[in-house]
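The structure under discussion appears below in the form of structure tokens.
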Amino acid sequence: MKKILYTTCLLFILSLSSSCNKWLDLEPRDGITRQEFWKTKEDILAAVSGCYTSLLAAPPTAGDRSLLEYMFMFGELRADMISAGPSITPAEVDIMNVNITSDNGIASWASFYRTINYCNTVLDNAPNVKSTDPTLTDAILNGYLSEALTLRSMMYFYLVRTFSDVPLKLKATVKDTDLENLAKTKQADILKQIVADLKKAESFSVTTYGNTKSDKGRVTKFTINALLADVYLWMEDYPASIAECNKIIESQRYALVGSNSAWYNTVFFRGSSTETIFEFDQAIENPFFNLLVNTRRRYIASPFVASEIYIPDETDPDNVYDIRPGSFYNNAFTIQKYGTENPSYVKWQAYRLSDIMMIKAEALALTGGGAEALELVRTLRTRRNAVKATEQNVDPGDSDAICDYILAERAREFAFEGKRWFDLLRHAKRNNYSRIDILLDVVSKTVMPTLQQSAITKFRDYNSHYLPIPQVDINTNPSLIQNPFYTK
């Protein structure tokens, strides 16, 4: 049965791979997306499985990167935890040096819109299956719709944090006549759409599929709560973020894995751990092998990681008691978090309990709950055997200091997970960029000396914190307008 399902999913992806050269390159011609495909609930399951597969599978466009690679680059390239490897490209160097132009090839959103289109295809076609399959109940149908809505929301959340205003497309592109020239939608409006969709998805969602592997690798109610908590934190709606975190914590379905040498294998390699809320679970060609591991890797861990993130223990500097760094990178600064072999079976952790704890702590710190926030940080650090040298003595009433502590602990907990830039930007932009110093401090660690002053000047323009709209799409869609910083 698993082999049949995999084959069906693969056919679904391949059927979506043929597309025209119009804007967003989305049109899935022929294949099983045609109306005759949508006849049974099994057809819907195959289509939903295709949405999940698109998160990891190589995209159909020749020479393009996987969506997961973009998620890593968008979350790490502009931050401070990776450095240039032997095969880094000029486009990547430019991003690291805050020297980004509108034709930078890393600024690509096609993989995200491809997954969005898969989700839209499910949302558009699945309800009609009720007329042909009497065994499709409302509960089953709504569960599938909940998964598609959540995955689409996740893609848009990545897009708005990376590009700011982007086109909002809520209907599927199936044939030429469906293609349209869409203008950008304001980030704030897309975030409202995300919240509305996730609230709808939550009302349809399941708490369990009856087995642990599916509960971790498919969208559940708690996946939705986690994504909502993250979105609300970005929107600076801290009470709403705390409420979503509490739904997860109070469910008592999740617990931190013990602080021992088995922690990494339990959470990342074997997967489906008690910590995990949602993970990308596929046994595939390792998308990070050429990126991080082989001799011609493009990125290595920054020296800053060893000197300022995972600080050696003061009393015994030769020993690393913190259980995280030894699993994440080695003495040659090779990032080994996603395995050193190809294929790799390491799971990409979208959300786990530690993320929810730190999201709640941050929201508490900004709503007068400093003491509780610090207790959450202490709990996580204890479970990870964090060393005394990285501990901070913070006043519970000093919200900025607590947030700085949380930001530092998030760096240790989520190193190389595609979260760092978004963490830095979220903290910097809070309260009308009251903490722009956070981004300016990054420049001294990441930008070559001759370009540092230029980078600081650019970062003072808030529009520079988002990537340019892909030039190829501006060329083919007259309704698109380049992001303001890149029109100067």
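With hydrogens and angles ignored, the 3.5 Å screen pairs a side-chain donor or acceptor of Gln336 with a backbone N or O of Gly326. A donor-acceptor pair is defined here as one N or O able to donate and one able to accept, closer than 3.5 Å; such a pair exists between the side chain of Tyr209 and the backbone of Val219. At distances below 3.5 Å, at least one donor-acceptor pair connects side-chain atoms of Lys347 with backbone N or O atoms of Phe269. At least one donor-acceptor pair closer than 3.5 Å links the side chain of Ser464 to the backbone N or O of Lys458. At distances below 3.5 Å, at least one donor-acceptor pair connects side-chain atoms of Lys337 with backbone N or O atoms of Ala415. A donor-acceptor distance shorter than 3.5 angstrom exists from the side chain of Thr382 to the backbone of Arg378, with no hydrogens or angles considered. Judged purely by atom type and a 3.5 angstrom limit, Ser146 has no side-chain atom pairing as donor or acceptor with the backbone of Phe204. The main-chain N or O of Asn294 is found under 3.5 Å from a side-chain atom of Arg297 such that the two form a donor-acceptor pair. Side chain of Glu279 to main chain of Ser272: a donor-acceptor pair is present (N/O by atom type, distance under 3.5 Å, no hydrogens or angles). Using modelled atom types, no side-chain atom of Tyr299 and backbone atom of Ile88 make a donor-acceptor pair closer than 3.5 Å.
For the salt bridge (Lys or Arg N to Asp or Glu O under 4.0 Å) with Glu275, the lone residue among Arg383, Lys216, Arg253, Arg384 that qualifies is Arg384. Among Glu413, Arg410, Glu409, the one residue that satisfies the side chain to side chain donor-acceptor pair (under 3.5 Å) test with Ser354 is Glu413. Glu202 pairs in a side-chain contact (heavy atoms from CB on, under 4.5 Å) with only one of the listed residues (Leu149, Asn225, Leu227), which is Asn225. Each of Phe333, Tyr329, Phe416 was compared with Ile82 under the side-chain contact (heavy atoms from CB on, under 4.5 Å) criterion, and only Phe416 meets it. Considering Lys360, Lys199, Lys221 as possible partners of Glu244, the one that fulfils the salt bridge (Lys or Arg N to Asp or Glu O under 4.0 Å) test is Lys199.
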Hey, mind stepping through Tyr156 and Asp197 against side chain to side chain donor-acceptor pair (under 3.5 Å) and telling me if it holds?
CA-CA 11 Å; Tyr156 273 119; Asp197 284 346; over 6 Å; no

Could you go through the side chain to side chain donor-acceptor pair (under 3.5 Å) check for Thr208 and Asp215 one step at a time?
CA-CA 6 Å; Thr208 181; Asp215 288 350; 2.7 Å; yes

Check the pair Thr115 / Ser54 against side chain to side chain donor-acceptor pair (under 3.5 Å), numbers first and verdict last.
CA-CA 6 Å; Thr115 295; Ser54 73; 2.8 Å; yes

Would you please test Ser66 and Glu69 for side chain to side chain donor-acceptor pair (under 3.5 Å) and show each step?
CA-CA 5 Å; Ser66 69; Glu69 185 172 339; 4.6 Å; no

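No side-chain heavy atom of Phe422 sits less than 4.5 Å from a side-chain heavy atom of Lys419. In this structure, the side chains of Val129 and Leu141 stay at 4.5 Å or more apart for every pair of heavy atoms.
Atom CG of Asn331 has 12 or fewer heavy atoms from other residues, nucleotides or ligands within 6.0 Å. In this structure, Lys445 places its NZ atom where more than 12 heavy-atom neighbours from other residues, nucleotides or ligands lie under 6.0 Å away.
The structure places CZ of Arg298 at 8.0 Å from CG of Asn290, a figure rounded to the nearest 0.5 Å.
Side-chain polar atoms of Asn286 and Glu341 form no donor-acceptor pair below 3.5 angstrom.
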